Structures are given as C-alpha cells and as structure tokens.
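Counting from 1, the numbers follow the sequence of the chain as shown. This is a predicted model, so every value here is computed, not measured.
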Amino acid sequence: MKFLDEVFGMQSGYVLDFSDRTMGSFFREELNIDVDDERYAANGTSKAKRVRCLLQLVDAATAVRVLEALWGYRVSMHAQRGEKETVHNAQGRLLALVDQLMGKGGAPSSPLFGQRPVQAYDHNALPHLKGELMRVSALEPQERGYAFEQFLTQLFNAFGLRGRDGFRLKGEQIDGSFELEGETYLVEAKWQAAPTAAADLHVFHGKLEQKAAWSRGIFFSNSGFTPDGLHAFGRGKRVVCMDGLDLYEALDRGLPLNHVIASKVRRAAETGEAFVRVRDLFP
C-alpha cells in the first residue's frame with residue numbers, strides 16, 4: 001500500500017489529479033464501481049482513503065482492474081504534461097504486485113480480498129426496467145402517476161444516480177431527485193393523455209428558481225411536449241426534457257441513462273434547446 005501511495009500520489013489524501021467529482025466519474029465509467037459508496041468510507045472520506053479501503057475489500061480480479069485503470073490514467077496524464085517517471089521502477093513493481101494479487105509466480109493472493117465491488121450501474125436490470133415501463137403504461141390512470149415516479153427512482157438507481165423518491169415541501173410537491181456528475185437534479189414526472197404544454201414547464205422552472213442557484217431540473221412527460229409549449233417555454237432554462245419515447249428507446253437500445261441525460265444537458269448548454277430526442281443525440 002505504501003508503494004501505491006507513492007505511485008498514485010495518495011500520501012496526502014489525493015489520488016493523481018482527480019477531484020471528488022472526476023474520481024467518482026472515472027470509477028463509474030471505466031470500472032462500473034461506485035467508489036462513493038459508504039462502505040468505502042470506513043476509514044475516512046478522502047479520495048485516497050476510499051481507494052485504499054476499496055482495494056482492501058474487493059476480490060483480487062477487481063483490485064487488478066482498478067490498479068490497471070489507474071496506471072493507464074497515470075501514463076496518459078504524464079504524457080500530456082510531458083512529465084518523466086519519478087518513482088523507481090514503477091511499472092515493474094506494479095506488474096509484480098498484479099502477479100501477486102492473481103497468485104502467480106508461486107505467491108498466493110491475499111486472503112483479505114473477496115468482496116464483489118459495489119456496482120455503479122446494474123446493466124442486468126435493463127430488461128426488468130423495460131418491463132416495468134410497459135407495466136406502468138397498462139395501469140389505471142389514477143395509479144399511473146405515482147407508479148411512474150417509483151419507476152423513475154428505480155431507473156436512476158440502476159445507473160448509480162442516487163435517486164430519491166418524491167417529497168413534499170411547504171406548498172409544493174417535488175416528484176423526485178437524483179445526482180449526476182456532482183450536480184443535483186429535481187424531477188417532474190407526468191403521465192397524462194395530452195402532451196405537456198408551456199404552463200407546466202414554467203411551473204416546474206419556477207420551483208427550481210426557488211431553490212439553490214446550482215439546482216437543475218428534468219421534466220419527464222410520457223406523452224411528450226407540444227411544439228408551441230416548447231417554443232413558449234423558451235431557451236436558456238435550467239430544465240431538460242424527456243418523453244416516453246426517449247425512455248423506451250434508451251432502455252430498448254441499452255443506452256446508459258447517465259449518458260443520455262448528460263448528452264441532453266450538453267446539447268441544452270450548447271443550443272439552449274430544452275428537448276432534443278434521444279434518437280437525434282444517439283443516431
């Protein structure tokens with residue numbers, strides 16, 4: 001562990017050049033591991049303490065994947081900055097450690113290793129979620145709204161977005177929330193026969209304006225949005241939109257929800273458009 005502290009710059013609580021947000025994203029996207037899970041904070045919440053704890057808990061194969069991913073990032077970081085190696089025989093020592101973990105060269109793997117990692121995304125849940133969406137569509141209208149909110153929370157959690165069920169504040173209802181890349185998103189969910197018009201979009205945006213300046217929102221409307229409503233809602237708002245076809249297409253094509261929402265947010269930032277279809281973002 002002292003060698004890993006040296007090679008990955010973890011002596012003072014950091015890991016390479018990661019921020020809390022970028023390290024969480026790296027582990028989610030590259031390794032499908034939720035390094036922010038509370039069990040990896042048993043010895044403290046710094047980035048280095050989380051990585052050390054994870055390495056001491058997971059099975060050997062996962063530990064090797066983590067070390068190789070971090071090493072690859074370190075090599076790229078040094079190449080971009082034109083930095084030379086400062087740790088004596090770093091690659092050779094890392095390879096020897098990997099062999100030891102895998103029980104090669106006559107060295108048994110450590111008995112401390114054994115747990116499967118906490119996954120950031122549950123890809124096996126996609127067929128179930130697709131079926132759940134169809135089940136919600138078959139419910140009676142009075143049951144559908146609450147069931148749709150519950151479905152969305154399941155969907156957020158399947159992709160490591162830390163979904164929260166709907167909650168009531170004084171004078172208003174919030175249908176849920178989730179976290180994406182360190183940002184908190186409030187949720188509005190509607191399942192009704194008619195497409196959503198400008199009035200509902202403005203009401204939701206008004207709720208956001210009463211929250212912290214960094215709050216963002218996503219409006220899920222199964223029946224879509226009226227063209228006039230989107231036009232009247234305008235550009236440059238803190239809300240992005242998804243309709244039922246977007247949800248079904250993302251699940252049917254196996255598109256990770258976190259990437260879908262991130263792409264919508266980026267397009268909104270670039271163009272001001274609150275609603276761009278999934279099929280246009282992912283042709």
Side-chain angles (χ1 to χ4, degrees), residues 25 28-29 32 119-139 141 143-166 175-181 183 185-198 200-201 204 216-231 233 235 237-283:
S25 295
R28 286 192 300 271
E29 305 303 328
N32 191 23
Q119 291 189 327
Y121 313 125
D122 184 3
H123 297 292
N124 295 326
L126 289 179
H128 167 73
L129 288 167
K130 186 176 172 184
E132 275 296 292
L133 183 60
M134 300 305 294
R135 184 189 69 81
V136 172
S137 68
L139 293 175
E143 302 176 62
R144 227 178 265 153
Y146 180 64
F148 188 38
E149 293 175 23
Q150 290 184 308
F151 163 78
L152 290 173
T153 300
Q154 292 181 52
L155 183 63
F156 300 147
N157 289 330
F159 289 95
L161 301 181
R162 301 176 183 272
R164 179 182 175 185
D165 290 333
D175 293 337
S177 67
F178 63 89
E179 294 179 12
L180 174 63
E181 297 182 350
E183 302 285 349
Y185 289 75
L186 302 185
V187 174
E188 183 78 7
K190 283 196 178 295
W191 193 304
Q192 57 190 17
T196 295
D200 288 327
L201 289 167
F204 181 48
R216 299 181 178 187
I218 182 164
F219 199 122
F220 292 91
S221 173
N222 182 69
S223 55
F225 305 87
T226 65
D228 287 346
L230 289 171
H231 178 75
F233 183 54
R235 294 172 176 263
K237 301 296 196 299
R238 289 152 55 189
V239 175
V240 293
C241 302
M242 287 189 74
D243 65 5
L245 181 61
D246 276 348
L247 284 171
Y248 184 84
E249 189 156 9
L251 291 171
D252 191 52
R253 293 172 57 188
L255 299 172
L257 183 69
N258 55 309
H259 287 287
V260 170
I261 296 175
S263 295
K264 282 179 172 283
V265 170
R266 179 167 184 171
R267 184 66 65 88
E270 293 171 345
T271 68
E273 295 179 80
F275 180 54
V276 180
R277 291 194 176 280
V278 164
R279 62 179 55 175
D280 295 325
L281 293 169
F282 300 90

S.K.: Does some side-chain heavy atom of E179 sit less than 4.5 Å from a side-chain heavy atom of L161?
M.R.: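 No, every pair of side-chain atoms sits at 4.5 Å or beyond.
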
S.K.: State whether a side-chain donor-acceptor pair under 3.5 Å links T153 with D165.
M.R.: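 The answer is yes; a qualifying pair exists.
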
S.K.: Below 4.5 Å, heavy atoms only, C-beta onward: do L247 and L152 meet side chain to side chain?
M.R.: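 The answer is yes, as the side chains (C-beta and beyond) meet within the 4.5 Å cut-off.
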
S.K.: F220 versus F148: any side-chain heavy-atom pair under 4.5 Å?
M.R.: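 Counting from C-beta outward, F220 and F148 do come under 4.5 Å.
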
S.K.: One thing to verify: whether K190 and D175 come together as a salt bridge, which I'm taking to mean a side-chain N less than 4.0 angstrom from a carboxylate O.
M.R.: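 No, this pair does not count.
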
S.K.: Does the S263 side chain pair with the main chain of L281, one donor and one acceptor, at a distance under 3.5 Å?
M.R.: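 No.
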
S.K.: Do L129 and F151 have side chains that get closer than 4.5 Å, going by heavy atoms?
M.R.: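 Yes, their side chains come closer than 4.5 Å.
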
S.K.: May I ask you to check whether N258 and E29 show a side-chain donor-acceptor distance below 3.5 Å?
M.R.: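 Per modelled atom types, N258 and E29 side chains form a pair under 3.5 Å.
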
S.K.: Verify, without hydrogens or angle tests, whether K264 (side chain) and V260 (backbone) share a donor-acceptor contact under 3.5 angstrom.
M.R.: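 No: the side chain of K264 does not pair with the backbone of V260.
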
S.K.: If you count the non-hydrogen atoms of other residues, nucleotides and ligands that lie under 6.0 Å from CZ in R266, is the total more than 12?
M.R.: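 No.
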
S.K.: So does F282 get a backbone contact from the side chain of R253, meaning a donor-acceptor N/O pair under 3.5 Å?
M.R.: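 Answer holds: yes.
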
S.K.: Would you please test Q150 and E132 for side chain to side chain contact (heavy atoms under 4.5 Å, CB included) and show each step?
M.R.: CA-CA 10 Å; Q150 290 184 308; E132 275 296 292; over 6 Å; no

S.K.: Do the side chains of E273 and R267 get close enough for a salt bridge, i.e. N-O under 4.0 angstrom?
M.R.: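 Looking at R267 together with E273, the answer is no, because their closest N to O distance does not fall below 4.0 Å.
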
S.K.: Determine whether a donor-acceptor pair (N or O, by modelled atom type, separation under 3.5 Å) exists between the side chain of N157 and the backbone of G163.
M.R.: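 Such a contact is found between N157 side chain and G163 backbone.
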
S.K.: I would like to know whether D243 and R277 meet side chain to side chain contact (heavy atoms under 4.5 Å, CB included); could you show each step before the answer?
M.R.: CA-CA 8 Å; D243 65 5; R277 291 194 176 280; 2.6 Å; yes

S.K.: Apply side chain to side chain contact (heavy atoms under 4.5 Å, CB included) to F159 and L126, showing your working.
M.R.: CA-CA 10 Å; F159 289 95; L126 289 179; 3.4 Å; yes

S.K.: Quick one, T196 with T226, criterion side chain to side chain contact (heavy atoms under 4.5 Å, CB included). Give me CA distance, side-chain angles, the key distance, then yes/no.
M.R.: CA-CA 6 Å; T196 295; T226 65; over 6 Å; no

S.K.: If you look at every heavy atom in A193 and S223, which pair is closest and at what distance?
M.R.: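 Smallest interatomic distance, heavy atoms only, reads O-CB, 3.7 Å.
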
S.K.: If you measure from the Lys or Arg side-chain nitrogens to the Asp or Glu carboxylate oxygens, is any gap between R279 and D246 under 4.0 Å?
M.R.: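 Salt bridge flag = no for D246 with R279.
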
S.K.: Is any side-chain heavy atom of L230 less than 4.5 Å from a side-chain heavy atom of L201?
M.R.: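 Yes, close enough: below the 4.5 Å cut-off.
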
S.K.: Indicate the ring-plane relationship of F178 and Y185, choosing parallel, tilted or perpendicular according to the 30° and 60° boundaries.
M.R.: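 Rings of F178 and Y185: parallel, as their planes differ by under 30°.
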
S.K.: Distance check, rounded to the nearest 0.5 Å: F233 atom CZ versus C241 atom SG?
M.R.: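 Reported value, rounded in 0.5 Å steps: 6.5 Å.
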
S.K.: Just so I know, are the side chains of F219 and D200 near enough to count as touching, which here means a heavy-atom distance under 4.5 Å?
M.R.: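 Touching, per the 4.5 Å side-chain cut-off.
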
S.K.: Would you say the side chain of I261 lies within less than 4.5 Å of the side chain of I218, judging by non-hydrogen atoms?
M.R.: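 In short, these two side chains touch, coming nearer than 4.5 Å.
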
S.K.: Describe, in one word, how the ring planes of F275 and F225 are oriented to each other, choosing from parallel (under 30°), tilted (30 to 60°) and perpendicular (over 60°).
M.R.: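 The arrangement is tilted - the two ring planes meet at 30° to 60°.
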
